[in-house]
Amino acid sequence: MSDQHPPTNFIRQLVAADIEAGRYRQGITTRFPPEPNGYLHIGHAKSICLNFGLARDFDGHCALRFDDTNPDRESPEFVEAIKSDVRWLGFDWEGRLHHASDYFEQLYEFAIELIDSGNAYVCDLSPDEIRSTRGTLTEPGVNSPFRDRSREENLALFKKMRAGAFAEGSRVLRARIDMASPNLHLRDPTLYRIRYQTHHNTGDHWCIYPMYDFTHPLSDAIEGVTHSLCTLEFEDNRALYDWVLEHVTTPSRPYQTEFSRLSLEYTVVSKRLLTILVEQKVVSGWDDPRMPTLSGMRRRGYPPEALVDFCTRIGVTRNHQNVELSVLENCVREALDPRTPRAFAVIRPLKLVIENYPEDQEEDLAALNHPGDESQGTRQLSFCRELYIEHDDFLEDPPKKFFRLAPGREVRLRYAYLVTCREVVRDASGNIVEIRCTYDPQSRGGNAPDGRKVKGTIHWVSARHSVRAEARLYQPLFSDPEPGFSSDGDLDSVLNATSLTTLDDIQVEPGLAQAKPGTVFQFERLGYFCVDRDSTNSMAVFNRTVGLRDSWARSRSG
RNA sequence: UGGGGUGUAGCCAAGUGGUAAGGCACCGGAUUUUGAUUCCGGCAUUCCCAGGUUCGAAUCCUGGCACCCCAGCCA
């Protein structure tokens, strides 16, 4: 499909026009600039695909840059996780791995230049005072009493800030712009703050740290970034981005363009909110298969190609983008279907006994690993008198169009025989515990000798040969299509209490028991399942990646 | 009643003055030993609303309306 409709969006058009106009003869440069304070999520995938995709398609370069200017929230754990997630998605920064912290010395020099030209000053106001003098959305702010310090005094003070002469929070370096600007970002924004904090990259070398609005444009300029792409909430910051670049002497002039961030139904795509889920132990960790993180989706069994495909399908615009889950799920199924081997597993076992099948008889039956792709070969399924079938495949009092097993009904056991239900066995409390059937010995392989039509086909495993395993079924973490909780207080009201269902007695083909973590199978008629890393030698654990499309279930619940 | 943005189908999204692509979802129907896959067909007389310009407007103009973002020494 993407062959017929190559990705086009306003940013690609902009880049194409820039190149057409002869700017960027050296080629374009983009960058993906995460802060290492959390794990990457599907929203980052959109940005990664955009930035790296642009560089790839326009013969440019894309760097991975850690925006690590705030030592109290960042860590090497996140740095490593981010790197492996970007690689997993299929992108390569080709040695262009940078850290904003690599530029701290240069950034300091740029700050000196700003002070020198009278465009920055050291302000002794407290955080509270700065806030209260900033004004409001409708009222201008008032000038800091320190705004008109001399160049020499500012220089001396800033050097002392760096030298560690002042307490945290006691002073900042501010840009000298306009306290009455209708754009709040231009009301003498803070450029540097004092923080006695060990940085994961620079250690204790610094006690002053530059702010994002100062660091970002300059990092871009240092790296020769041509197109600096970010999300819409940074739109107002662009004026400051430009101001910084226009007031210091930089090696290049990058330009910022914003696009809308991705929202996904029934999930949150915000590092802050995801961090709360992890810290409150709502989930087992950043890679919980219910998380919209790249590591969570990987563990769940989503192939990276599916995420890349998803990103090209949703496009890049400036509209509010709230995408339905079905788009993502469809991408996952589409990526998995052609290459995923089929297997039989029964997740809610119900015993089925074939009364006219000899007790001591066993046989092997050939099954296709992938109907529709013979190159994937066949495997042997063991068959005997006692089987397990899916509990959902039997109904004592079936509705109109139910063509599975029911009293007196005949169905096909896929790749095996036609069986007819003769009797239902119950336990003392009335629960159905066993189905007794007879089989047609002439129907080996599943075809009736007389050509009679049997509509229903169900899967099964041999009770004598199958292996017990665990399955984890997932639903969205939230019951609200647009969760957006603000504090942990209102978390419970939006959480889906049944987002995880653990089934610890599923029965699978013996061949599945030792599969490696990460391997994906299609359990026929049930969905795609991925071997979890929690698997042990005695018990395999399968995550349901995504179910199969199920028009029967849909027609019933609709 | 400050500034910056966004409105095309249920959800995304093309469209750049010449008569509304595509995907997902949904609804038919064919094939099927997975109620899967695949395949065919349907799904906006109208583009937030109201005026205007024009032979012709989703595209241009004017005026409204709705929603989102900004008052961190976070990014």
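Letters A, B, ... mirror the listed sequences (proteins, then strands); counts begin at 1. Remember, it's a predicted structure, so these values are computed and weren't measured experimentally.
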Within the pair A:R525 and B:G35, is there a side-chain N or O less than 4.0 Å away from OP1 or OP2?
yes
When you compare B:C43 with B:C26, how far apart are their C1' atoms, in angstrom units rounded to a whole number?
8 Å
Base, sugar-phosphate or nothing for A:T190? Non-hydrogen atoms, less than 4.0 Å.
sugar-phosphate
Taking only the side-chain nitrogens and oxygens of A:T69, find out if one of them lies under 4.0 Å from OP1 or OP2 of B:A75.
yes
Students often get this wrong, so: under 4.0 angstrom with heavy atoms, is A:T215 touching a base, only sugar-phosphate, or nothing?
nothing
Identify whether any heavy atom of A:N37 sits under 4.0 Å from a base atom; if not, whether one sits that close to sugar-phosphate; answer base, sugar-phosphate or nothing.
nothing
Have a look at A:I208 and say if it touches a base, only the backbone sugar-phosphate, or nothing, with a 4.0 Å heavy-atom cut-off.
nothing
Between the base of B:G35 and the side chain of A:R404, is one N or O donor paired with an acceptor at under 3.5 angstrom?
yes
Phosphate contact (B:C27 OP1 or OP2) by A:R554 side-chain N/O below 4.0 Å:
yes
What's the gap between B:C67 and B:G41 when it is taken at their P atoms, as a whole Å value?
42 Å
Do A:E258 and B:G5 share a donor-acceptor pair, side chain to base, under 3.5 Å?
no
By the 4.0 Å heavy-atom rule, please label A:R174 as base, sugar-phosphate, or nothing.
nothing
Taking the nucleotide of RNA chain B with the closest heavy atom to each, which residue, A:E235 or A:R193, is nearer the 5' end?
A:E235
Note: for A:S170 and A:S551 on RNA chain B, the residue whose nearest nucleotide lies more 5' is A:S551
Looking at B:U34, I'd like to know if its phosphate oxygens (OP1 or OP2) sit under 4.0 Å from a side-chain N or O belonging to A:Q522.
no
Separation of B:C24 P from A:E265 CD (nearest whole Å):
16 Å
Are the aromatic ring centres of A:F78 and A:Y39 under 6.0 angstrom apart?
yes
Which part of the nucleic acid does A:K271 contact within heavy-atom distance under 4.0 Å: base, sugar-phosphate only, or nothing?
nothing
Closer than 4.0 Å, any side-chain N/O of A:T317 to the OP1 or OP2 of B:A13?
yes
Does the ring centre of A:F523 sit less than 6.0 Å away from the ring centre of A:F542?
yes
Counting just side-chain N and O atoms, does A:Q13 come under 4.0 Å of either OP1 or OP2 of B:G15?
yes
Just name whichever nucleotide pairs with B:A9, Watson-Crick or G-U, keeping both distances under 3.5 Å, else none.
none
Please give, in whole Å, the distance from B:C67 P to A:E482 CD?
13 Å
Does A:Y192 have its ring centroid less than 6.0 Å away from the ring centroid of A:F158?
yes
Whole-Å distance separating the CG atom of A:N322 from the P atom of B:G7:
15 Å
So, does the side chain of A:R549 form a donor-acceptor pair with the base of B:U37 at under 3.5 Å?
no
Between A:F146 and A:Y121, is the ring centroid distance below 6.0 Å?
no
Which is true for A:P371 with a 4.0 Å heavy-atom rule: it touches a base, it touches only sugar-phosphate, or it touches nothing?
base
Looking only at side-chain N and O atoms, does A:R131 come under 4.0 Å of OP1 or OP2 in B:G72?
yes
Could you check whether A:V323 gets within reach of a base, just the sugar-phosphate, or nothing at all, counting any heavy atom under 4.0 Å?
sugar-phosphate
Could you check whether A:F234 gets within reach of a base, just the sugar-phosphate, or nothing at all, counting any heavy atom under 4.0 Å?
base
Decide, applying a 5.5 Å centre-distance limit and a 30° plane-angle limit (both strict), whether A:Y212 stacks on B:A75.
no
Gap between atoms CD1 and P, on A:I194 and B:C74 respectively (whole Å)
12 Å
Just call it for A:G372: base, sugar-phosphate, or nothing, with non-hydrogen atoms closer than 4.0 Å on any strand.
nothing
Interatomic distance where CZ belongs to A:F259 and P belongs to B:C68 [whole Å]:
21 Å
Take A:R73 and A:D68 through the salt bridge (Lys or Arg N to Asp or Glu O under 4.0 Å) test and state the conclusion after the steps.
CA-CA 9 Å; A:R73 340 194 290 172; A:D68 54 353; over 6 Å; no
Distance check needed: B:C70 P versus A:R261 CZ, whole Å only.
10 Å
Looking at the angle O4'-C1'-N9-C4 for a purine or O4'-C1'-N1-C2 for a pyrimidine, is B:G28 syn or anti, with syn meaning within 90° of 0?
anti
Establish whether the base of B:G3 is bridged to the side chain of A:D236 by a donor-acceptor pair shorter than 3.5 Å.
yes
With heavy atoms under 4.0 Å as the rule, sort A:R318 into base, sugar-phosphate or nothing.
sugar-phosphate
Provide, to the nearest angstrom, the distance between the CG atom belonging to A:L262 and the C1' atom belonging to B:C12.
10 Å
OP1 or OP2 of B:U6 less than 4.0 angstrom from a side-chain nitrogen or oxygen of A:N319, does that happen here?
no
Rounded interatomic separation in angstrom, taking CD from A:Q376 and P from B:U37
17 Å
So what's B:C60 paired with, Watson-Crick or G-U wobble, going by both distances under 3.5 Å?
B:G52
Using a 4.0 Å heavy-atom cut-off across all strands, classify A:I314 as base, sugar-phosphate, or nothing.
sugar-phosphate
Validation row, ring centre A:F383 to ring centre A:Y439 under 6.0 Å
no
